[in-house]
Visitor: 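Questions regarding the structure given below will be posed in turn.
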Amino acid sequence: MMEIGLTHYLVLSTVLFAIGLVGVMRRKNLLMLFMASEILLNAVNVAFAAIGHYYGDLTGQMFAFFVIAIAASEVAVGLGLLIIWYKRTDTIDLDTMTSMRG
Amino acid sequence: MEAIAFYLFAVLTVAMFSYTVMSSQALYALSSMAAGMIMISAFFFLLNADFLGVVQIIVYTGAVMALYAFGMMFFDTTRAVKEHNTSKVIVLTLSVLATLLVITIFTMPIAAENISAAFPEPAGVENPKAVGIVLFTKYLVPFEVAAVMLLVAMIAGIVMAGKKMDRSLTKMKEEEIAMMHQEETQKKVTL
């Protein structure tokens with residue numbers, strides 16, 4: 001069996017990031033769009049941890065921690081904003097958010 | 001052994017996240033994403049980042065998933081939102097971006113020849129202890145800033161979502177809110 005190197009993890013991270021990107025591009029439901037953004041953040045976390053491990057450095061893990069903290073607060077604030085939007089417009093369709101269109 | 005674990009969890013993670021992205025049912029998407037998050041933590045354990053793996057399970061499958069479940073119940077997700085978007089521009093942009101990413105990754109080892117560890121892993125220490133040592137010495141200020149940011153996010157979440165769930169404060173006019181407060185004080189007086 002081949003040994004697992006840094007490139008394996010980076011390729012996996014790319015695949016996950018591409019999946020998240022597809023989700024962000026095709027979703028119209030805002031809740032599902034948030035989920036796709038979580039996948040993006042997770043893909044980057046895997047890459048950080050892998051690079052840190054293969055260079056014997058802890059900085060990658062530190063960055064992953066801060067990314068997780070930011071993801072948690074992003075969900076809290078984003079869901080709050082989404083609830084306000086739902087109360088005002090009764091929909092979470094992305095295409096209805098066109099009030100700033102000139 | 002490590003290779004088997006890696007490929008197994010890679011296939012599982014990719015399958016779970018693909019289902020999250022492609023499914024039209026919010027509940028199935030949520031469940032498969034929770035499963036995918038746990039699979040991701042397996043990679044952290046494989047990479048000797050034990051503490052990160054535990055944090056991943058607790059924060060994502062514990063806290064973030066609970067928030068999404070709450071959102072899913074709050075919003076009317078049974079009403080289908082049409083998501084058929086096969087614009088050629090988007091497909092082109094996606095493929096170009098993905099290709100760029102792959103090229104960057106495969107040229108990385110050439111550019112990374114002269115990288116050395118800024119904070120090397122302390123020898124003879126378990127991973128959680130090493131993380132603690134680095135986090136509370138080199139990264140103390142970012143840690144405190146992150147704590148303040150989480151506090152701000154918590155207050156923002158409470159203010160935006162928690163107040164008066166049955167009636168919308170953001171929809172009401174100022175006079176209506178004042179009237180509501182007056183009614184409440186009158187109620188207290190009569191009691």
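Predicted model, so just to flag it, every value in this text is computed and none were measured. Below, chain A is the first sequence line, B the second, and so on; all start at residue 1.
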Visitor: Shortest non-hydrogen contact from A:Met32 to B:Ala29?
Guide: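 Closest approach of A:Met32 to B:Ala29: CE-CB, 4.0 Å.
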
Visitor: Is A:Leu16 in contact with chain B via its backbone, its side chain, both, or neither, using a 4.5 Å heavy-atom distance?
Guide: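 The answer is the side chain of A:Leu16.
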
Visitor: Decide side chain to side chain contact (heavy atoms under 4.5 Å, CB included) for A:Leu31 and B:Met72; before the verdict, give the C-alpha distance in whole Å, the side-chain angles of both, and the deciding distance to 0.1 Å.
Guide: CA-CA 8 Å; A:Leu31 195 69; B:Met72 200 188 69; 4.1 Å; yes

Visitor: Side chain, backbone, both or neither: which part of B:Val14 has an atom under 4.5 Å from a heavy atom of chain A?
Guide: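 Both parts, backbone and side chain.
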
Visitor: State yes or no: do B:Val131 and B:Ile57 share one hydrophobic cluster built from I, L, V, M, F, W and Y residues joined by side-chain heavy-atom distances below 4.5 Å, directly or via other members?
Guide: no

Visitor: Just so I know, are the side chains of B:Met160 and A:Val77 near enough to count as touching, which here means a heavy-atom distance under 4.5 Å?
Guide: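 Sidechains of A:Val77 and B:Met160: in contact.
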
Visitor: Report which part of A:Met35 has an atom under 4.5 Å of a heavy atom belonging to chain B: side chain, backbone, both, or neither.
Guide: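 Interface part for A:Met35: both.
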
Visitor: Between B:Val134 and B:Leu140, is there a shared hydrophobic cluster once you connect ILVMFWY residues whose side-chain heavy atoms come closer than 4.5 Å?
Guide: yes

Visitor: If you look at every heavy atom in B:Ala153 and A:Ala76, which pair is closest and at what distance?
Guide: O-CB, 4.2 Å

Visitor: What part of B:Met154 is in contact with chain A, defined as an atom under 4.5 angstrom from a non-hydrogen atom: side chain, backbone, both or neither?
Guide: neither

Visitor: Non-hydrogen atoms of chain A under 4.5 Å away: do they reach the side chain of B:Ala49, the backbone, both or neither?
Guide: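 Both parts, heavy atoms under 4.5 Å.
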
Visitor: Answer whether the closest heavy-atom distance between the side chains of B:Val21 and A:Ile39 falls below 4.5 Å.
Guide: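 Sidechains of A:Ile39 and B:Val21: in contact.
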
Visitor: So which atom in B:Leu150 and which in A:Ala72 form the shortest heavy-atom distance, rounded to 0.1 Å?
Guide: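 In this case the closest contact between B:Leu150 and A:Ala72 is CD2-CB, 4.4 Å.
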
Visitor: Just wondering, do A:Val15 and B:Phe17 contact through their side chains at under 4.5 Å, heavy atoms?
Guide: no

Visitor: Among A:Asn42, A:Leu81, A:Leu82, A:Ile51, which residue forms the greatest number of heavy-atom pairs with chain B at distances under 4.5 Å?
Guide: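 So the answer, after comparing A:Asn42, A:Leu81, A:Leu82, A:Ile51, is A:Asn42.
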
Visitor: If you take all heavy atoms of A:Arg27 and B:Thr20, which pair is closest and at what distance?
Guide: NH2-O, 2.7 Å

Visitor: CZ of B:Phe74 to CD1 of A:Ile83: how many Å apart, nearest 0.5 Å?
Guide: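 Spacing of CZ (B:Phe74) from CD1 (A:Ile83) equals 5.0 Å.
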
Visitor: If you measure from NE2 on A:His53 to CG on B:Leu52, what distance do you get to the nearest 0.5 Å?
Guide: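 Here the rounded value is 13.0 Å.
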
Visitor: Mind running side chain to side chain contact (heavy atoms under 4.5 Å, CB included) on B:Tyr68 and A:Glu38 for me, showing each step along the way?
Guide: CA-CA 11 Å; B:Tyr68 278 123; A:Glu38 295 298 322; 3.3 Å; yes

Visitor: Determine the interplanar angle of the A:Phe66 and B:Tyr139 rings, folded into 0 to 90°, and report it as parallel if under 30°, tilted if 30 to 60°, perpendicular if over 60°.
Guide: tilted

Visitor: Between B:Phe51 and A:Phe65, does the ring centroid distance fall short of 6.0 Å?
Guide: yes

Visitor: Between B:Val55 and A:Ile68, does a side chain to side chain contact (heavy atoms under 4.5 Å, CB included) hold up when you go through it step by step?
Guide: CA-CA 8 Å; B:Val55 164; A:Ile68 287 179; 4.0 Å; yes

Visitor: Out of curiosity, B:Lys138 NZ to A:Leu58 CG, how far, rounded to the nearest 0.5 Å?
Guide: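 Result: 11.0 Å between the selected atoms.
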
Visitor: Taking every non-hydrogen pair under 4.5 Å, which of A:Val75, A:Val22, A:Ile4 racks up the most with chain B?
Guide: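 Answer, by heavy-atom pair count under 4.5 Å with chain B: A:Ile4.
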
Visitor: Heavy-atom distances under 4.5 Å only: say whether B:Ala156 touches chain A with side chain, backbone, both or neither.
Guide: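 Contact with chain A involves the side chain of B:Ala156 alone.
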
Visitor: Mind ranking A:Ala18, A:Ala50, A:Ala36 by heavy-atom pairs under 4.5 Å with chain B and telling me who comes out on top?
Guide: A:Ala50

Visitor: I'd like to know whether CZ of A:Phe63 has more than 12 heavy-atom contacts from other residues, nucleotides or ligands below 6.0 angstrom.
Guide: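 Open: at most 12 neighbouring heavy atoms sit under 6.0 Å from CZ of A:Phe63.
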
Visitor: Only pairs of heavy atoms separated by less than 4.5 Å count here; which of B:Ala63, B:Gly157, B:Ala146, B:Pro142 has the most with chain A?
Guide: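 Ranked by contacts with chain A, first place is B:Pro142.
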
Visitor: Among B:Gln56, B:Met22, B:Met37, which residue forms the greatest number of heavy-atom pairs with chain A at distances under 4.5 Å?
Guide: B:Met22

Visitor: A quick test of your reading: do over 12 heavy atoms of other residues, nucleotides or ligands sit less than 6.0 Å from CE of B:Met179?
Guide: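 Count not over threshold, so no.
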
Visitor: A:Phe34, A:Tyr9, A:Tyr54, A:Phe17: which one forms the most heavy-atom pairs within less than 4.5 Å of chain B?
Guide: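 Counting heavy-atom pairs under 4.5 Å, the top option is A:Tyr9.
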
Visitor: If Ile, Leu, Val, Met, Phe, Trp and Tyr residues are connected whenever their side-chain heavy atoms lie under 4.5 Å apart, and connections chain through other members, are B:Ile155 and A:Ile70 in the same group?
Guide: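 B:Ile155 does not cluster with A:Ile70.
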
Visitor: Go through the steps to decide whether B:Tyr60 and A:Leu41 satisfy the test side chain to side chain contact (heavy atoms under 4.5 Å, CB included), and finish with yes or no.
Guide: CA-CA 11 Å; B:Tyr60 272 110; A:Leu41 291 168; 4.2 Å; yes

Visitor: Over 60° means perpendicular and under 30° means parallel, so classify the ring planes of A:His8 and B:Tyr7, tilted if in between.
Guide: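 Rings of B:Tyr7 and A:His8: perpendicular, as their planes differ by over 60°.
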
Visitor: Let me know if B:Leu30 has heavy atoms under 4.5 Å from chain A in its side chain, its backbone, both or neither.
Guide: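 Looking at B:Leu30, backbone and side chain both touch chain A.
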
Visitor: Report whether B:Ile58 and B:Met39 are members of the same hydrophobic cluster (ILVMFWY, side-chain heavy atoms less than 4.5 Å apart, transitive linking).
Guide: no

Visitor: Would you check if B:Leu47 and A:Gln61 make a side-chain contact, meaning some heavy-atom pair closer than 4.5 Å?
Guide: no

Visitor: Would B:Met16 and B:Ile40 show up in the same hydrophobic cluster when neighbours are defined by side-chain heavy atoms closer than 4.5 Å?
Guide: no

Visitor: Would you mind telling me which of A:Leu6, A:Leu12, A:Val24 has the largest number of heavy-atom pairs within less than 4.5 Å of chain B?
Guide: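 Top count of heavy-atom pairs under 4.5 Å with chain B: A:Leu12.
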
